[in-house]
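Presented below is the structure to which this report refers.
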Amino acid sequence: MTLFGLKLYISDLALGLLGLFYLPLVLWALWKILRAKNLAGWRKPAAFIAAVLAAYAIPLGDVTINSLGMREACERAGLHVYRQVAVEGYIGSMVSKDMLGKDHEYYPYRFLEARTAQGKFAHLERMPDGSVVTTVRDQPEAEYEIVNDHPSALPGLRVGSIARIQVLHRQSGEVLGEWLTLGPRHGWVDRIVLLGWFGQGLPGCSVKKLPYFDLVQQILPSKLKIDR
């Protein structure tokens, strides 16, 4: 829903329930004010305006404040590349042999690594003949790691949730780049009907999501691809 150019973060379910149950009550109250004989002169229009403002603020006041916060916050959503480093491989959660296959044009890395449940590292390496060999190592070869769903605070922003996919240097913790997704705070109606009844939240900023490979390539391009 958009109001005077501001996107309001409220669900269709909440709007439907407000229209079905709340709006008739508001219209009845406004009609009673217009028909009131004890409100003379300026008192009747003043009471009418006050009632309209109150009728809006009760279900949509917090929604409006939260939506204003999201409009500012969403300017920071999406991809941020702070430093680009060419590498022969990296640590990630989305790793498979198929990604390193000799005919795979999208992942021209020499190796890929992933953390195992035992605290070790699965090392997948492309051999000169195009085959892929997997070994398990105590320590990784890669200096950089892609961390999914990395929680982190963004001070000063009025948002309900923050999710980050970050590319980090393993030793220093330096952030080379990140994909930032922001979710809105919910108004009290949606906290009851959307979160309470269905356990679902409203979608956040309307920022086109990059495919995982494009995210990686913009921050950790393949050194092998550059050398060719």
Side-chain angles (χ1 to χ4, degrees), residues 70 72-157 159-184 201 203-228:
M70 280 295 289
E72 176 186 355
C74 283
E75 296 178 358
R76 298 179 60 176
L79 177 66
H80 301 273
V81 180
Y82 307 123
R83 187 163 73 91
Q84 189 181 74
V85 178
V87 298
E88 294 188 22
Y90 62 88
I91 304 171
S93 59
M94 299 175 61
V95 169
S96 71
K97 281 188 174 182
D98 291 339
M99 293 165 64
L100 288 179
K102 63 179 180 179
D103 296 326
H104 202 301
E105 60 180 314
Y106 299 115
Y107 284 84
Y109 297 94
R110 176 174 61 83
F111 70 90
L112 297 173
E113 294 178 317
R115 293 179 180 269
T116 70
Q118 294 73 34
K120 297 181 181 296
F121 296 85
H123 179 93
L124 288 70
E125 184 163 350
R126 180 191 287 120
M127 297 292 105
D129 62 359
S131 63
V132 179
V133 174
T134 301
T135 56
V136 177
R137 301 182 176 185
D138 292 330
Q139 295 296 326
E141 179 178 344
E143 293 185 57
Y144 300 96
E145 181 171 6
I146 299 171
V147 181
N148 295 328
D149 297 324
H150 189 278
S152 184
L154 288 175
L157 294 185
V159 296
S161 63
I162 300 170
R164 278 173 156 161
I165 300 176
Q166 292 187 319
V167 179
L168 308 174
H169 188 276
R170 280 197 317 108
Q171 278 77 31
S172 68
E174 176 194 1
V175 179
L176 274 69
E178 60 186 344
W179 179 269
L180 180 61
T181 303
L182 303 174
C205 300
S206 299
V207 178
K208 183 179 179 182
K209 190 170 180 63
L210 280 175
Y212 187 79
F213 169 72
D214 291 337
L215 169 67
V216 174
Q217 279 291 288
Q218 297 227 27
I219 303 170
L220 296 177
S222 171
K223 183 181 292 186
L224 301 182
K225 187 175 182 179
I226 292 175
D227 290 343
R228 288 176 183 174

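Scope of the values below: all heavy atoms of this structure, side chains included, with no hydrogens, waters or symmetry mates.
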_Spatial distance of atom CD1 (I162) from atom CG (L182) [nearest 0.5 Å]_ = 6.0 Å
*Please indicate whether Q84 has more than 12 foreign heavy atoms, meaning atoms of other residues, nucleotides or ligands, lying under 6.0 Å from its CD.*
yes
*Which atom of V95 lies closest to which atom of L112, heavy atoms considered*: CG1-CB, 3.8 Å
*salt bridge (charged side-chain N to carboxylate O under 4.0 Å, His left out): which pairs involve residues 165-176, sequence neighbours left out?*
R83-E174
*Point-to-point distance, once rounded to the nearest 0.5 Å, from NZ of K97 to CD of E125*: 12.5 Å
*Look up atom OH in Y82 and atom CD in E178, then write down how far apart they are to the nearest 0.5 Å.*
3.5 Å
*Between atom CG of D138 and atom CD of Q118, what is the distance when rounded to the nearest 0.5 Å?*
11.5 Å
*Sub-3.5 Å donor-acceptor pair from the side chain of R110 to the main-chain atoms of E88, do we have one?*
no
_Minimum-distance pair of heavy atoms, taken over all atoms of M99 and Y90_ = CE-OH, 4.2 Å
*asked:* Could you go through S131 and D129, starting from their C-alpha distance and side-chain angles, then the distance that decides it, and tell me whether this counts as side-chain hydrogen bond (donor to acceptor under 3.5 Å, both in side chains)?
replied: CA-CA 6 Å; S131 63; D129 62 359; 2.7 Å; yes
*Could you pull out the closest heavy-atom pair between R126 and P108, with the gap in Å?*
NH1-C, 4.0 Å
*Heavy-atom closest contact (Q166 atom, R164 atom, distance)*: NE2-CD, 3.5 Å
*Restricting to pairs with a member in residues 122-146, which pass ring-ring contact (aromatic ring centres under 6.0 Å, His included), not counting sequence neighbours?*
F111-H123, Y144-H169
*Look up atom CG in L79 and atom CG in L180, then write down how far apart they are to the nearest 0.5 Å.*
10.5 Å
_From CE (M94) to CD1 (I146), nearest 0.5 Å_ = 9.5 Å
*Provide the closest heavy-atom pair for V85 versus P221 in the form atom of the first, atom of the second, distance.*
O-CD, 3.3 Å
*Does A142 offer a backbone N or O that forms a donor-acceptor pair with the side chain of E113 under 3.5 Å?*
yes
*Distance-minimising heavy-atom pair for P203 and P184*: O-CD, 3.7 Å
